Number of protein chains: 2
Amino acid sequence: MDSRRYTIQDIARAAKVGVGTVSRVLNDDPNVKDSTREHVQSVIERLGYQPSFAARSLRTQKSQTIGFIADAVATTPYAVHLIKGAQDAAWNQGKLLLVIDADNDPKLRERALESMLEREVEGIVYAAMFHQEVNLPDSFQQIPTVLVDCFDPHSHFPSVVPDEVQGAKLATQTLIRHGHKRIGHIANDRLDIVYPAPRLRFEGYKQALSDAHIDFDPTLMCESDGNALSGAQCALELIALADPPTALFCGTDRIAMGVYDALKEQGLSIPEDISIIGFDNQEIIAAYLNPALSTIALPHYEMGQWAIDYLLSGSTTNIQELVSCPLVKRASIGLKA
Amino acid sequence: MDSRRYTIQDIARAAKVGVGTVSRVLNDDPNVKDSTREHVQSVIERLGYQPSFAARSLRTQKSQTIGFIADAVATTPYAVHLIKGAQDAAWNQGKLLLVIDADNDPKLRERALESMLEREVEGIVYAAMFHQEVNLPDSFQQIPTVLVDCFDPHSHFPSVVPDEVQGAKLATQTLIRHGHKRIGHIANDRLDIVYPAPRLRFEGYKQALSDAHIDFDPTLMCESDGNALSGAQCALELIALADPPTALFCGTDRIAMGVYDALKEQGLSIPEDISIIGFDNQEIIAAYLNPALSTIALPHYEMGQWAIDYLLSGSTTNIQELVSCPLVKRASIGLKA
DNA sequence: ATTCAATTTGGAATCGATTCCAATATTAGA
DNA sequence: TCTAATATTGGAATCGATTCCAAATTGAAT
């Protein structure tokens, strides 16, 4: 470790120019003679000089830093994609991310915000770990804030969420395109729960059916509790029907996991006897299930990216952006016999 | 958004004291009369003053920030625990984390380091996403760096890794304590692979057997390719043995997932016919498998925490810390009939 | 060669904190 | 009440960059 870093004064002295000139070179100011620029450049490189961030941000009042407040990161594997998308977007614009997990605790949330204001972050990305409504305290109004995978009921903040309806529609359409007409849907929770996903996915399912002129049959629809076991339960009910479904759109991959269990136990094989499509693209489940599960991916990376780009664009309209959910094709869908 | 933040001068003027006094109050300097302190405190609160981080770190030459470089965060769900552990430990000491994902790309790694040096972070935590050897460029020597879930073959850096041997031993002992003597082991990869986990877990398995005076039977051991399918393959081989195992220690939860499939297909039930224990505690798999999988947890949170605490302790010995892996009891282990 | 405009450069002032020294206020002891 | 020691305070100097203005240089036009 070297004793002390060089300062801009050291460089100016070594290059026999004024500090202003060095600063201009550092900031690619065009008002510098080419020969001077090259000379200063070379001195900078020779000495391995690195400007001090603290000094720079004190003077420019810009921290080149964005705060990322995550709620309960540790509870979901998606978090990494969200952070990665945000980080990549930030990096592209020369900024870094200060990450705090607020653990879904309102007090911590407030303290996190304070820490970030102190550090003069240029904006805040607030990310929930699954699609939900969120009520941020007013204190967040004092700094540009973008919500990710959540939304403010009063539209006080711009937000970006997955297009659940489009995703569910795509899932259902995919089954339809494979010739299926009797398509069951296992909702990923009670439809009257506060979280919007089950309702919106159900909505997409119905839209796809209706677009294809297939009547929605309520007996083909089952509300699970969101866990694998209750998904299995639903699957059993549906295949016991007089006119059972030939394909199942599961509200989440977790449910699909339970469904696989139930179907295999009944001696049905996937996708020969019945096709399955999931939702969420929980890699660890979907890719390692046997056969691998086709599913709709949540666009976490893209949402993280969008949030940063929007934040740095300087726009101030509180739009609610929908990001579409792509299909991830794997092995669980077959043609209707 | 208010037009401009207050500075320490504003507070000094408003409180009719010198800036030095305000600074002393801010930093809990005992050399301030109680009455003065209270008065200044109240003005600070009334105006909602927040000190500028940039100014402070310029003057003190401390950024109160730690760099967290992650390799390929997006490829594993563990990352969040690592980050959480580090963040919590940092937060306890008033520091925040600057997070960059280096995507397992040496060039990006170097650029990440540079970005962090520029920002004068007080140290760096370099986290791999699974237990492995890692060769950091020399440039990391210029700043205190701690390795997490990886280690430097030349011991140039302190590091913290999971105690795989202890974990595997615990897994095997748990089965032994349930009365099992014929315990199979499906290694989570070829033993001659560069990554150390398969070897170490195998080692722990053998130690537990030997401690219990059970002879190691090579026919009960099977090297998988690390994926669920090949785990299933192994399981089939083992149960076809003349004297088949009554319990299986799977090198990872992913393998256990394949094993579940294979066993169910053979009409065996868990844990009545055969007990299973995994390794890794991949929540999404382990908790939702049916029956839920007992497994050994990797101490990611604790490793993250340890790294920060060690970094901030100022120690400079390049120790290699082992963190023990606890058992997570679920439903897949039963008493030997 | 001279004038004037356009480039290029140097360096003082500035950002907002901490720190240190000197000045002032307080207290204890006689 | 006075003195000496101690406690408290004010404010200039400092950290290392950027920015702006004035000065110096260059180049073009006559």
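Residue numbering restarts at 1 for every chain, and letters A, B, ... go by the order of the sequence lines. These numbers were taken from a predicted model, which means no experiment stands behind them.
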Going by side chain to side chain contact (heavy atoms under 4.5 Å, CB included), A/Asp71 matches just one of A/Thr76, A/Asp103, A/Asn104. Which one? A/Asn104

Taking only residues two or more places apart in sequence or in another chain, which ones pass ring-ring contact (aromatic ring centres under 6.0 Å, His included) with B/His156? B/His154

Looking only at side-chain atoms of A/Gln61, point me to the closest of D/dA17, C/dC15, C/dA17. C/dC15

With a 4.5 Å heavy-atom cut-off, do A/Phe151 and A/Pro196 have their side chains touching? yes

To the side chain of A/Lys33, which of C/dA17, C/dT26, C/dT9 is closest? C/dT9

On the nucleotide C/dT9, are OP1 or OP2 found under 4.0 Å from the side-chain N or O atoms that A/Thr36 carries? yes

So, A/Ser315 and A/Ser313: side-chain donor and acceptor under 3.5 Å apart, yes or no? yes

Here the distance between atom P of C/dA17 and atom CD of A/Glu118, to the nearest Å, is 11 Å

Return the value, rounded to whole Å, for the distance between atom CZ of B/Arg13 and atom C1' of D/dG10. 15 Å

Could you tell me how far apart A/Ile8 (CD1) and C/dC15 (P) are, to the nearest whole angstrom? 18 Å

Expressed in angstrom and rounded to an integer, what is the separation of A/Arg5 atom CZ from D/dC15 atom C1'? 13 Å

Output the single nucleotide from C/dA17, D/dA17, C/dG16 whose closest atom is nearest the side chain of B/Leu58. C/dG16

Under 4.0 Å, heavy atoms only, any strand: does A/Ser57 hit a base, just the sugar-phosphate, or nothing? nothing

From the set C/dT9, C/dA17, D/dT18, return the single nucleotide nearest to any side-chain atom of B/Arg56. C/dA17

Think A/Thr21 has a side-chain N or O under 4.0 angstrom from the OP1 or OP2 of C/dG10? yes

Are A/Thr317 and A/Tyr310 close enough that a side-chain donor and a side-chain acceptor fall under 3.5 Å? yes

Any idea how B/His300 and B/Tyr78 line up, ring-wise: parallel (<30°), tilted (30 to 60°), or perpendicular (>60°)? parallel

Are any protein N/O atoms closer than 3.5 Å to N/O atoms in nucleotides 19-24 of chain D? If there are, list each pair with its distance.
from: D/dC20; atom 1: N4; to: A/Arg24; atom 2: NH2; distance (Å): 3.2

Using a 4.0 Å heavy-atom cut-off, does B/Lys62 contact any base of the nucleic acid, only the sugar-phosphate backbone, or nothing at all? nothing

Check the distance between D/dG10's P and B/Asp29's CG and give it to me in whole angstrom. 14 Å

Within this structure, what is the CZ-to-P distance between A/Phe53 and D/dA17, rounded to whole angstrom? 12 Å

Separation between CG of B/Leu322 and CD of B/Gln320, rounded to the nearest 0.5 Å: 6.0 Å

OP1 or OP2 of D/dA17 sitting under 4.0 Å from any side-chain N/O of A/Tyr6? no

Could you state the atom-to-atom distance from CG of A/Asn31 to P of C/dA5 in whole Å? 19 Å

Can you tell me the distance, in whole Å, between the CG atom of B/Asp10 and the P atom of C/dC15? 11 Å

Quickly, which of B/Leu96, B/Val99, B/Leu98 forms a side chain to side chain contact (heavy atoms under 4.5 Å, CB included) with A/Val99? Name it, please. B/Val99

Contacts of B/Ala55 and A/Val22 projected onto DNA chain D by closest heavy atom; the upstream (5') one is B/Ala55

